[in-house]
Asker: 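Structure in structure tokens, see below.
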Protein chains: 2
Amino acid sequence: MATPQLTKNQSLVMGALAHSEGPMSAYTILDKLRDQGFRAPLQVYRALDKLLEYGLVHRLESLNAFVACTCPDDHEHDRGVTAFTICEGCGQVTEFHDEAIEERLSTLVRGQNFKTEKTTIEIRGHCSSCA
Amino acid sequence: MATPQLTKNQSLVMGALAHSEGPMSAYTILDKLRDQGFRAPLQVYRALDKLLEYGLVHRLESLNAFVACTCPDDHEHDRGVTAFTICEGCGQVTEFHDEAIEERLSTLVRGQNFKTEKTTIEIRGHCSSCA
DNA sequence: GCAATTGATGTAATAACATTACATGGCAAT
DNA sequence: ATTGCCATGTAATGTTATTACATCAATTGC
Ligand SMILES: [Zn+2]
Ligand SMILES: [Zn+2]
Ligand SMILES: [Zn+2]
Ligand SMILES: [Zn+2]
């Protein structure tokens, strides 16, 4: 999935997430972009949908929030599983990937005859600074 | 964490989840329990909080919904990670546990000096019937 | 050029999910 | 009886996400 040129709204949302310290909810993004002309949730959600599709952004299900992808390259996402640690203290989110987990999960779900479309792995806890 | 006697509201919510085919949102549970005298979301959320604490119910983050635990015994939850496959076709949810995954995640997270409190693993896709 | 299509955008309204605040009731310990 | 504790009842509000409909711009085919 090659990433096409981003539209104006997509660029604005991408920029907001990229410059943010941590994850942001759609409504937080909306507030940040009011000065840029954003007025309604849908402007954010539509941009996010595309950015998620392109793999530039991830959704954190346990937070109802979004983060910019921190992968150096795209290719990690093509077949891979993305996992996150999420610190409850400072909000820091760390994205990581691991083949061993992928393969083990793959084996387990194959045993159920289950066809995976998307895998969510989110680990809530405290980072080294906030322990 | 021994499970105390459930209160009336907790029993009603537990019953609704246990007899349900699949996961239910808090508001769906509320509707099912109107005849039993439930009138407000808080009655459901309060009961769910306790049931989650006792490990009798799990929350599916990617669905904003809840399922009864299907473990034969409690002891799987004490130290363990709970994972789910969720079929987008029929809504079927299957809970499973795997030590290999737990250990691998534990190793990876320790490498970050991260202290895990709760791990979410949810696999969306299609079950054998809905492939 | 011009209609038709397509994709992005704008706006309003509504739906779905969750929490805060405050009042009440039951029951056990003192 | 008073106190403390926990479960409950009720209303209001806050937060997250979608539906519906109108408009605009770029492209395509004629
Ligand atoms: Zn990523
Ligand atoms: Zn931290
Ligand atoms: Zn369980
Ligand atoms: Zn299915």
Side-chain angles (χ1 to χ4, degrees), chain A residues 1-17 20 22-54 56-67 86 88 91 118 120 122 124, chain B residues 1-17 20 22-54 56-67 86 88 91 118 120 122 124:
Chain A
M1 177 186 306
T3 303
Q5 190 65 23
L6 298 184
T7 67
K8 178 155 173 276
N9 285 359
Q10 288 160 21
S11 296
L12 286 167
V13 170
M14 190 67 225
L17 279 173
S20 164
M24 287 196 286
S25 77
Y27 280 78
T28 303
I29 295 171
L30 175 57
D31 286 340
K32 289 242 191 273
L33 294 179
R34 294 231 183 248
D35 295 346
Q36 273 58 240
F38 273 48
R39 320 243 94 230
L42 204 48
Q43 298 177 281
V44 178
Y45 282 110
R46 286 202 275 232
L48 285 172
D49 282 348
K50 290 296 185 180
L51 295 172
L52 288 167
E53 184 184 327
Y54 305 151
L56 298 175
V57 163
H58 299 289
R59 174 184 171 80
L60 299 173
E61 301 288 352
S62 67
L63 288 175
N64 293 333
F66 304 85
V67 282
I86 302 169
E88 317 247 329
K118 176 163 196 319
T120 297
E122 297 176 17
R124 305 283 291 266
Chain B
M1 177 185 311
T3 303
Q5 189 67 21
L6 298 184
T7 67
K8 178 156 172 276
N9 285 359
Q10 288 160 20
S11 295
L12 286 167
V13 169
M14 189 67 224
L17 279 172
S20 163
M24 286 197 287
S25 77
Y27 279 77
T28 303
I29 295 170
L30 175 57
D31 286 339
K32 289 243 191 275
L33 294 179
R34 295 235 183 245
D35 294 347
Q36 273 61 238
F38 273 47
R39 322 241 93 230
L42 203 50
Q43 297 177 280
V44 178
Y45 283 110
R46 285 204 273 231
L48 284 172
D49 282 347
K50 289 296 184 182
L51 296 172
L52 288 166
E53 183 185 328
Y54 304 152
L56 297 175
V57 162
H58 299 290
R59 174 183 170 84
L60 300 172
E61 301 288 353
S62 67
L63 248 35
N64 293 334
F66 304 84
V67 282
I86 301 170
E88 316 249 332
K118 178 167 196 319
T120 297
E122 297 177 15
R124 305 283 291 265

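All chains are named by letter (A, B, ...) in the order of the sequence lines, taking the proteins before the strands, and each is independently numbered beginning at 1.
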Asker: Strictly under 3.5 Å: I want the nitrogen or oxygen pairs between protein and nucleotides 16-18 of chain C, one per line.
Answerer:
{"from": "C:dA18", "atom 1": "OP1", "to": "B:R59", "atom 2": "NH1", "distance (Å)": "2.9"}
{"from": "C:dA18", "atom 1": "OP1", "to": "B:R59", "atom 2": "NH2", "distance (Å)": "2.5"}
{"from": "C:dA18", "atom 1": "OP2", "to": "B:Y45", "atom 2": "OH", "distance (Å)": "3.0"}
{"from": "C:dA18", "atom 1": "O5'", "to": "B:Y45", "atom 2": "OH", "distance (Å)": "3.3"}
{"from": "C:dA18", "atom 1": "N7", "to": "B:Y27", "atom 2": "OH", "distance (Å)": "2.6"}
{"from": "C:dA18", "atom 1": "N6", "to": "B:Y27", "atom 2": "OH", "distance (Å)": "3.3"}

Asker: Let me see the working for B:R59 and B:E61 under salt bridge (Lys or Arg N to Asp or Glu O under 4.0 Å), right down to the final yes or no.
Answerer: CA-CA 6 Å; B:R59 174 183 170 84; B:E61 301 288 353; 3.0 Å; yes
Asker: Could you say whether A:R39 or A:K50 is positioned toward the 5' end of DNA chain C, judged by the nucleotide with the nearest heavy atom to each?
Answerer: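 Mapping each residue to its closest nucleotide by heavy atoms, the 5'-most match is A:K50.
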Asker: Within the 4.5 Å heavy-atom criterion, are B:V67 and B:L60 side-chain neighbours or not?
Answerer: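 Yes, at least one pair of side-chain atoms sits under 4.5 Å.
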Asker: Please report the C-alpha distance between A:D31 and A:R34 in whole Å, then the side-chain angles of each, then the deciding distance to 0.1 Å, and finally whether the salt bridge (Lys or Arg N to Asp or Glu O under 4.0 Å) criterion is met.
Answerer: CA-CA 5 Å; A:D31 286 340; A:R34 294 231 183 248; 3.3 Å; yes
Asker: Has the side chain of A:S20 got a donor or acceptor atom that lies under 3.5 Å from a matching backbone atom of A:A16?
Answerer: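 Absent.
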Asker: Distances for protein N/O vs nucleotides 22-28 of chain D N/O pairs under 3.5 angstrom?
Answerer:
none

Asker: Atom CD1 of A:I29 to atom C1' of D:dA17: distance rounded to whole Å?
Answerer: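 Distance, rounded to whole Å: 13 Å.
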Asker: Distance check needed: C:dA8 C1' versus A:L48 CG, whole Å only.
Answerer: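 Going from A:L48 (CG) to C:dA8 (C1'), I get 15 Å.
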Asker: Between A:Q43 (side chain only) and A:F38 (backbone N and O only), is there a donor and an acceptor less than 3.5 Å apart?
Answerer: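 Checking the backbone N and O of A:F38 against the side chain of A:Q43, no donor-acceptor pair under 3.5 Å is found.
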Asker: Which one, C:dT20, C:dT9, D:dT8, comes nearest to the side chain of B:L42?
Answerer: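 Nearest nucleotide to the side chain: C:dT20.
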Asker: Could you check how far CG of B:D49 sits from P of D:dA7, rounded to whole Å?
Answerer: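 Result: 11 Å.
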Asker: Below the 4.0 Å mark, does C:dG7 have OP1 or OP2 next to a side-chain nitrogen or oxygen of A:T7?
Answerer: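 For C:dG7, OP1/OP2 do not have a side-chain N/O of A:T7 under 4.0 Å.
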Asker: Rounded at 0.5 Å granularity, tell me how far OG1 in B:T3 sits from CG in B:L51.
Answerer: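 CG of B:L51 is found 9.5 Å from OG1 of B:T3.
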Asker: How many whole angstroms separate atom CE of B:M14 from atom P of D:dA7?
Answerer: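 Roughly 17 Å, once rounded to whole Å.
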Asker: Specify the separation, in whole Å, of atom CG of B:L30 and atom P of C:dA15.
Answerer: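 In whole Å, C:dA15 P lies 16 Å from B:L30 CG.
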Asker: Kindly write out the residues that satisfy salt bridge (charged side-chain N to carboxylate O under 4.0 Å, His left out) with B:K32, not counting sequence neighbours, or none if the list is empty.
Answerer: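 If we apply the salt bridge (charged side-chain N to carboxylate O under 4.0 Å, His left out) test to B:K32, skipping adjacent residues, there are no hits.
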Asker: For B:Q36 and D:dT8, what is the distance between atoms CD and C1' respectively, to the nearest whole Å?
Answerer: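 Spelled out: CD on B:Q36 to C1' on D:dT8 is 16 Å.
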Asker: Roughly, in whole Å, what's the span from CZ in B:F38 to C1' in D:dA11?
Answerer: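 Atom-to-atom, B:F38 to D:dA11, this comes out as 17 Å.
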Asker: Identify the heavy atoms of B:M14 and B:V57 that sit nearest to each other, and give their distance.
Answerer: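 Of all heavy-atom pairs spanning B:M14 and B:V57, the closest is SD-CG2, 3.9 Å.
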Asker: To the nearest 0.5 Å, what is the distance between CD (B:Q10) and CD (B:E53)?
Answerer: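 Between B:Q10 CD and B:E53 CD, I get 9.0 Å after rounding to 0.5 Å.
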Asker: Find the distance B:K8:NZ to D:dC6:P and express it as a whole number of Å.
Answerer: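 Rounded to the whole Å, the gap is 21 Å.
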